[in-house]
Amino acid sequence: MLLRFVCLLLLALPALSEPVAWDGPGRNGWLTLTSDHFQAHYPVGDVYESHARRALAVAEQAHRDLVPFFGQAPTHRTQLVLSDDQDDANGWATFFPFPQIRLYLTPPHELSGLEDNQDWLNILVRHEYVHVLHMEMAGPVPALGRDLFGRMPLFFPHSLTTPMLIEGLAVYLETDYEQGTGRLASSWYLMQMQEEVRAGRFASLGNAAVAAKDWPYGQYYLYGAFFIEYLAKTYGEDALKRWLQLYSNEIIPWVSMNDSAYLAFGRSFGQLWSEFYSAMVKRFGTEEAVAWSGPQDTYREQVSTASSHFLYLIERNDEDRPALLKCHQFPDCRKLGDADDIVALAASTDDELVGIRRNMYASGRNTGDLAYFSEGRWRWVTENERLADVRWLPDASGWVATSFDQGLSRLLLISRAGEVSLLWQGEYGELVGDFDVSPDGQTIVAAYKEAGLSWDIASFTMKGRQWERLTDSAASEMSPRFTSEGAVIFVSDIDGRFQIRALDGKLVAASDSAAVAPEPLQGGVWYQEYTAGGFRFRNVSLEAASDVEPSLALTGREEETHGPVQLKAAETTSPVPYSPWRTLRPYFWLPYLAASSGRTEAGLVTGGTDALGRHLYQLQLTYGSEEAAPNWNLQYQFERWELRYERTHSFFELLESVEGRTILEEDQATLARLWLLRGWRDRVGVHAGLVHQRSEVVDVEPGVTLLGERAFQSTSLGLAGVVNLQKTALNSPLPWGSYSQLVIEDFGLSGDYYAGLHAQLGWNYGFDLAGRQSLVVDIKGGYAGEDAPEWQVGGLPPQEDEALFGRDQLSLRGYDDAAFRGRYYERQRLTYRTQVKAFNSNWSYWPVGADDLQVSLYLERGRAWDSDYDQAEQGAVAGMGFDLRLTLLAGYRIPVPLVLGVAYGFDENLGDVQVYSGLTATF
C-alpha cells in the first residue's frame, strides 16, 4: 500500500492543466499558430492573434537566449495558451504531461515587483519558459526512464526539488539589471528582503523551502531569487550550471541534493544557506530601523480610501472574515460590514462607498466588477466588465474605472444605473494603473506606462482624451492622489525606496521601508508602510513636506531609455482551428502495485489532457492475483461533463474447510452534467447526474449455495440544486457562510431491482470565530420511496457523505457502519475546529514538512428508520469525539492530513468507542 501511495504522490506533484473557462472569450472558438519550437492557442479575434504572434516571437527569442544556459531543449513543442479569463497578472508552466505554458492576458499594473518591465508579455513568457527548460533537463539515466515509461515525474529530477529553487532560478533569469527589468532589479523585492533581514524574521532553509501560508506571500519566490543570485555571484554562474547538470542525472528524488551541492559548490545546502544569510545581513542589515511607537496593527492588503473626513479600509489578516472599517482617527475605527473579495475601494465626498469585487465563476473565470455599499451590504452594479480600480466623479453621478480586456488597458465611465461607456483604450504596452479624478471632474491623473518606458504620472483630460506626462524619470511612479487643494502627490522609488512626493518637488513622506497607498485627509496624508508583518498605517501632515533638491520627478530620465523591446517576428504557419487531438494522447504510463494480506494487485496508470485543459482523463488498469480478473477505473471530464466508470472485484471465504473463494464483481458508472442551470453569479446551480450500479457473484466456492439472484443492478437519474454562499480565509480552518442542497434521484426509469425516489435536503453553516477558529453546523435529512434503496447511517465519514449523486450512506461516528437502515434519515453535526500551531516549515531541503496542527471537537446526532419500524420509537442517537489533524507537506507542496481521533456513541446498546487514524492526500 505504501508503494501505491508513493506512486500517486509522484504523479500528483506537477500541476495538471487548469482548464480555460468554457464561458470565457474562447467560447466562440480557438485558433492555433505554430512556430519552430512552440504552438500558440488563442481565442478567435484579431487582437488575440496579434498577442499570439508576439508571444511566439518572444518565446522563440527566449529559446535562443536560454537554451545555451541549460544546455538542453524540450523534445516536444511547448504549448502556449493565451487565456483571458483571469484579472490577475500571472501565468504558469509545467512539463506534465507535455511542456506547456499558460499566459494570463492581464498586464501588471500595481506595485508588486512585476511592474518593472519593458514589455510585460516578454518577461512573463521568459519566466515561464525558464521553468520548462529547467524541468526538461535530464541526464542519461532519467532520459532512459522517459524512453521506457514516458513523461513520468520521477524522470524529471528538477520537478521534485523545492519550489524555492524552481521559482528562484526563473526570477534570476528574468532579471536584466542593465535594462532595469525583472523582480531582482525591482525596489519592491529589495524592500521585502530588507524588511525580512532588519525585522529579524529571516527564514530558515526549511521555512523558505515550502509554499507556506505566511507573510510575505510567495516568500519562496523572494528567498529563492536572492539565494540563486547569491550562488551565481559567489561561486560563479558556471557552478550554478554544474549543479543543475549534476542533479539532472538523478533518479531517486531528493537523496542526492546535498551530494550535488558539494560537487558544484563545495558546500552543503545547510552551509550555503548560512552563508547566504550572512551575505543578506551584510547587504540589508546595516541601517538602523526607525522606531515606531504608534499602533501595531498590520493588514495584508493595501485596500483603503478617504473621503473629506474619514479613512476607510479593508481589514484583512488571513484569519478572520475581511471587514470594512470606517476610521475617524486611525486606529479609532468601527466596522461597517463584511468585505469579502473587495480588491479596490473608493469614497465620495459625502461618504458613499463603492468597491471592485472579485467573483470566481463556475467556469474558472475570476473577474472584478463594481459593487455599491449600502445599508451594510454590497450590491452589484456591473457584470463581466473586468474592472481593476474605481474613483467617484465629483458630483457623485457615477464613476471612472480602469479595466483590462484582451490584454489592453481601458478607462470606463460608469453611471449609477450601471451603464458603461468607453473613455479610452490603449494600444499594446500602453497601460494605466492606479488613478484619481480631479476635484472639478475634468482631469484624471494616473500611473501611466508605455512599452519600453517605466511608470510615470500622466494627466488625461475628459474633453481632449489625451495623455500628457507630468513626470519623466527612470523611477516607478505610482498611486497619484489629488489633495483637497488640488495638488498631486504620488509614490516614487527614485532613490531606490518608495516614498511619497509631490509634483512641486516636495518630499511628503519618507519611510524607513516603503510608503505606499497614500490617502489625503484633512490636510494630511494617511499612507501604508510595508513591514515584515504586513502593512501598517501612518500619518503625516502636508505642511511638514520638505523640499528635495533637485525635483527628481521633473528632471528627465537619469539613465538611457531603451525603448520598446525589439523582436524578430517568428516564422509561423497560418492560423488553423484548434484541435485537442494534437496533445490529448497519453504521454506516460505509471506502474501500479498494491499488496495486502492474501492479495496483490498490479497494473498501470495513464492519463492525459489537451492544451486547453478542456479534456482530462485518467485510466487505471490492474489485475488482481486472487480473483484472477481485471479491474479498471476510468475518469473523464470535458468542460461541464464528468464520466466515471469503475469495475472492482472482491473475494470472500465463506467456508474455511474447502478451497476456493466467492468473488463479487461490481460496476459503478456515473455521468454528471454540472451547472445545467446557473445564476446569481454562479452561487446558485442545478446539476444533473446518472448513476448505474451493478453487482454480480461471478464465482462461488464449492459447497456454497446462493439464495436468490446472483446479480442485481440499479439506475438512477438525479437533479441537485445547490446554493453556495461560503467563503474562506487562508488561515481559517473551515469556511464561513451557508451551503444548501436539494438532491432528488429517480430509480424507476430502467425497470431494475429498485424503483421510487430518493430526496435529500442538506444545510451547512459556518461561523467565523475570532482568530484561527471555526464552528460549523451541518444538517441533513432524506426520504426514500418504498422500492428505492434504503438509507444507511453509521460509521466513520465515507466518501458518500459529500457526493451529490449515488449517496445512500451517511456517517455517524461512535456507531458501526450501517448501524441504522430505513426509508428516512436525519443527521445533525456540530464541529468546532481550531488551529493550535502553525509550522509552515520543512525538514531542511528534504521533501517532508508540516503546515499546521488543528484540533476538532464534534457532536453528532442521527438515525435512519421506517415509518412502521420500532426504531422510530427509540429516537435518534448521539455521539461525540475529537481528533488531532497534523497537515504534513509532502514534496514541498501537497497537504497530507494525518488524522488521529476517537469517537464515542452515547447509546447504551448500539454506541461504541472508535479509535481511528488516517493518512490521506488530495491529488
Side-chain angles (χ1 to χ4, degrees), residues 69-71 130-131 134-135 137 139 157-175 177 182-184 189-190 192-212 214 216 218-250 252-286 839-849 889 891-893:
F69 179 91
F70 290 98
V130 168
H131 289 327
H134 187 189
M135 299 302 101
M137 295 182 74
H158 286 286
S159 73
L160 305 178
T161 57
T162 161
M164 179 194 71
L165 296 178
I166 294 172
E167 296 297 346
L169 183 64
V171 174
Y172 171 73
L173 289 175
E174 86 184 20
T175 301
Y177 282 106
R183 275 167 277 193
L184 275 172
Y189 257 41
L190 294 171
Q192 287 190 302
M193 183 53 74
Q194 172 184 279
E195 284 304 296
E196 294 294 290
V197 173
R198 293 169 61 184
R201 291 170 52 103
F202 197 85
S204 67
L205 178 57
N207 290 136
V210 296
D214 204 356
Q219 70 170 6
Y220 55 97
Y221 283 78
L222 177 70
Y223 280 91
F226 280 99
F227 182 57
I228 293 292
E229 183 185 49
Y230 167 77
L231 295 178
K233 286 185 175 182
T234 305
Y235 296 94
E237 205 167 76
D238 287 342
L240 178 61
K241 294 179 184 178
R242 177 167 167 74
W243 179 78
L244 293 172
Q245 293 293 341
L246 286 169
Y247 195 71
S248 297
N249 201 40
E250 303 300 335
I252 302 177
W254 312 295
V255 173
S256 62
M257 285 186 66
N258 249 359
D259 294 337
S260 300
Y262 267 115
L263 292 173
F265 307 111
R267 302 284 192 277
S268 68
F269 269 107
Q271 291 170 323
L272 290 171
W273 195 261
S274 179
E275 293 177 357
F276 168 58
Y277 168 67
S278 298
M280 293 299 100
V281 170
K282 183 177 180 180
R283 181 177 177 183
F284 294 107
T286 55
F839 299 102
N840 291 317
S841 187
N842 207 66
W843 178 27
S844 187
Y845 62 86
W846 294 98
V848 179
L889 292 173
Y892 313 103
R893 306 166 180 84

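Everything numeric in this text was worked out from a predicted model, so none of it was measured.
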Check whether [X] reaches the backbone of [Y] with its side chain - one donor and one acceptor, N or O, closer than 3.5 Å.
{"X": "Ser268", "Y": "Gln271", "answer": "yes"}
{"X": "Asn842", "Y": "Trp846", "answer": "yes"}
{"X": "Asn207", "Y": "Asn840", "answer": "yes"}
{"X": "Gln245", "Y": "Phe70", "answer": "yes"}
{"X": "Glu250", "Y": "Met257", "answer": "no"}
{"X": "Thr161", "Y": "Pro157", "answer": "no"}
{"X": "Tyr247", "Y": "Trp254", "answer": "yes"}

Evaluate the ring planes of His158 and Trp243, with Trp represented by its six-membered ring, and classify them as parallel (under 30°), tilted (30 to 60°) or perpendicular (over 60°). perpendicular

Please walk me through it: do Leu205 and Met164 pass side chain to side chain contact (heavy atoms under 4.5 Å, CB included)? CA-CA 10 Å; Leu205 178 57; Met164 179 194 71; 4.1 Å; yes

So which atom in [X] and which in [Y] form the shortest heavy-atom distance, rounded to 0.1 Å?
{"X": "Ala232", "Y": "Tyr172", "answer": "CB-OH, 3.3 Å"}
{"X": "Ala211", "Y": "Pro163", "answer": "N-CG, 4.4 Å"}
{"X": "Ser159", "Y": "Arg893", "answer": "O-NH2, 3.6 Å"}
{"X": "Phe265", "Y": "Leu272", "answer": "CD1-CD1, 3.7 Å"}
{"X": "Ser204", "Y": "Trp273", "answer": "C-NE1, 3.5 Å"}
{"X": "Ser248", "Y": "Met137", "answer": "OG-CB, 3.3 Å"}

Partner set under salt bridge (charged side-chain N to carboxylate O under 4.0 Å, His left out) for Lys233, not counting sequence neighbours: Glu229

Distance alone, cut at 3.5 Å: any donor-acceptor contact between the side chains of Tyr845 and Asn258?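 Yes - a donor-acceptor pair under 3.5 Å links their side chains.
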
Polar side chain donor-acceptor pair, Tyr235 to Glu275, under 3.5 angstrom: yes

[X] vs [Y] side-chain heavy atoms within contact, under 4.5 Å:
{"X": "Leu190", "Y": "Phe284", "result": "yes"}
{"X": "Glu174", "Y": "Val130", "result": "no"}
{"X": "Leu222", "Y": "Arg183", "result": "no"}
{"X": "Val197", "Y": "Arg283", "result": "no"}
{"X": "Pro216", "Y": "Glu196", "result": "yes"}

Where do Gln192 and Tyr189 land on the side chain to side chain contact (heavy atoms under 4.5 Å, CB included) test, with the steps shown first? CA-CA 5 Å; Gln192 287 190 302; Tyr189 257 41; 3.7 Å; yes

Mind checking what makes ring pair (Phe, Tyr, Trp, His ring centres under 6.0 Å) contact with Tyr223, not counting sequence neighbours?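 Ring pair (Phe, Tyr, Trp, His ring centres under 6.0 Å) check on Tyr223 returns Phe202.
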
Let's go through Phe69 and Leu240 carefully: what are the C-alpha distance in whole Å and the side-chain angles of both, what is the deciding distance for side chain to side chain contact (heavy atoms under 4.5 Å, CB included) to 0.1 Å, and is it a yes or a no? CA-CA 10 Å; Phe69 179 91; Leu240 178 61; 4.2 Å; yes

Stepwise side chain to side chain contact (heavy atoms under 4.5 Å, CB included) test for Val171 and Phe226: CA-CA 9 Å; Val171 174; Phe226 280 99; over 6 Å; no

